[in-house]
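Read the structure below first, then the notes.
All values below come from the heavy atoms of this structure, side chains included, with hydrogens, waters and symmetry mates left out. First the proteins, then the strands, lettered A, B, ... as listed; each starts at 1.
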Amino acid sequence: MGETKVCPDCGSTKLTQDFDRAEVICSNCGLVITDGIFDTGPEWRMFESDEDSSKGRAGPPSTFTIHDKGLTTMIDWRNRDIHGKDLTPHRRAQIYRLRKWQKRIRVSDAMERNLAFALSELDRIASNMRLPKNIREVAAILYRRAVEQRIIRGRSIEGVTSACVYAACRQTKLPRTLDEIADASRVDKKEIGRSYRFMAKELGMKLPPTNPSDYISRFASELGLSGRVQMRAKDMIDQAIRSGLMSGRGPMGVAAAALYIAAILEGERRTQRDVSEVAKVTEVTVRNRYKELQDRLALEVDV
DNA sequence: AAGACGAAAGTGGTTGA
DNA sequence: TCAACAACTTTCGTCTT
């Protein structure tokens, strides 16, 4: 690995090798560079056989308790055998070594258990929200890094996983709102936001503020609008942003308004109510943004 | 009757002292 | 830590299609 590589996504040269798997990861955006599939399956499922594993994903994972089912053997500290007799020196040395390994295994065990829970939680949230696989992968990587950086300390696992999902969505340019994620998980919006901000700082990921355009395709398909409308809406947003307007405005409101106007322009009118519903803002906000867009961009919209 | 509009008061989050 | 502030929401009455 002599040649210097560059992240194809963000252009950063800070690529790091992931520990236990032969993977190169961009430390800026979390993108996996090598095409090796990031398969979370085999590893974290550990030794607890395949029996129920974690495909069933309803409700709180029952696997949580199963993890140590009969598997965490304790080695007694007394140097006696089951009959209470003393052990031979040879035997004692052997037991000593066993204890040592027991300890070591248990340390990594705790981490693995943490990961196991977190990743199944991650999967639960992600499938709740119908997120594409690549987002889950990015989220999983972020979580791994969060664990390595000791970020979870003092924070709930669920909070951090939710934050990972949120971050992953944004990185992938398919942003979801904190509310949406809060709905899909068991953590409230506030907590997710806190965890996210902390993570962003600690992991040094710089995410640009959400671009309203990123919402367009999702909203549009939810409203059954054509590609032409989407194009038009994105154009409008680009124009507005480039001329410095719309700053400080909520991206979803902007997206909603642009979509609303574009739909009218293309003869696919939707009501303000419908648009505001998918964008999770109120009609009033749609109206306000739409007014601004209208006279700031000098659009002629015959309503 | 449904949708669009806008005023006014209320809410939660950010910012700056 | 607290108050000021802007964005956004809620509510509601009126106008338009």
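Side-chain polar atoms of A:Glu158 and A:Ser185 form no donor-acceptor pair below 3.5 angstrom.
A close approach under 4.0 Å does occur between a side-chain nitrogen or oxygen of A:Tyr290 and OP1 or OP2 of B:dC5.
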5'-to-3' dot-bracket of DNA chain C (Watson-Crick, G-U; under 3.5 angstrom; crossing pairs as [ ]; | other strand):
|||||.|||||||||||

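With rounding to whole Å, A:Arg289 atom CZ is found 13 Å from B:dG6 atom P. Distance, A:Asn288 CG to C:dC8 P: 9 Å, rounded to whole Å. Going from atom CZ of A:Arg273 over to atom C1' of B:dA2 covers 10 Å, rounded to whole Å. We find that CZ of A:Arg287 is positioned 13 Å from C1' of B:dA8, with the value rounded to whole Å. Between the C1' atom of B:dG6 and the CD atom of A:Glu292 lies a distance of 14 Å, rounded to the nearest Å. For A:Lys291 and B:dA4, the NZ to C1' distance is 9 Å, given to the nearest whole Å. Residue A:Glu277 contributes atom CD, which lies 14 Å from atom C1' of B:dA2 at whole-angstrom precision. A:Glu283 places its CD atom 11 Å from the P atom of C:dT10, with the value rounded to the nearest Å.
Of the candidates B:dG13, B:dG3, C:dT10, B:dG13 carries the atom nearest the A:Lys190 side chain, counting heavy atoms from C-beta on. The side chain of A:Arg249 sits closest to C:dA7 out of C:dT11, C:dA7, B:dA4. Closest to the side chain of A:Arg197, from the set B:dT14, C:dT11, B:dC5, is B:dT14.
Contact annotation for A:Gly253: no contact, since no heavy-atom pair falls under 4.0 Å across all strands. Among the atoms of the strands shown, base atoms are found under 4.0 Å from some heavy atom of A:Thr282.
If you chain together hydrophobic residues whose side chains sit under 4.5 Å apart, A:Tyr260 and A:Val284 never meet in one group.
Using a cutoff of 4.0 Å between basic side-chain nitrogens and carboxylate oxygens, A:Glu191 and A:Arg155 are not scored as salt-bridged. Salt bridge A:Lys280/A:Glu180: present, at least one basic N to carboxylate O contact under 4.0 Å. We find that A:Arg144 and A:Glu148 are not joined by a salt bridge, their nearest charged nitrogen and carboxylate oxygen being 4.0 Å or further apart. Contact check on A:Arg249 versus A:Glu292 returns a salt bridge, with a Lys/Arg side-chain nitrogen under 4.0 Å from an Asp/Glu carboxylate oxygen.
Judged by distance alone, with hydrogens and angles left aside, the side-chain atoms of A:Arg218 form a donor-acceptor pair with the main-chain N or O of A:Pro175 at under 3.5 Å.
Residue A:Arg270 is the one, among A:Arg270 and A:Lys189, whose nearest nucleotide of DNA chain B lies closer to the 5' end (criterion: closest heavy atom).
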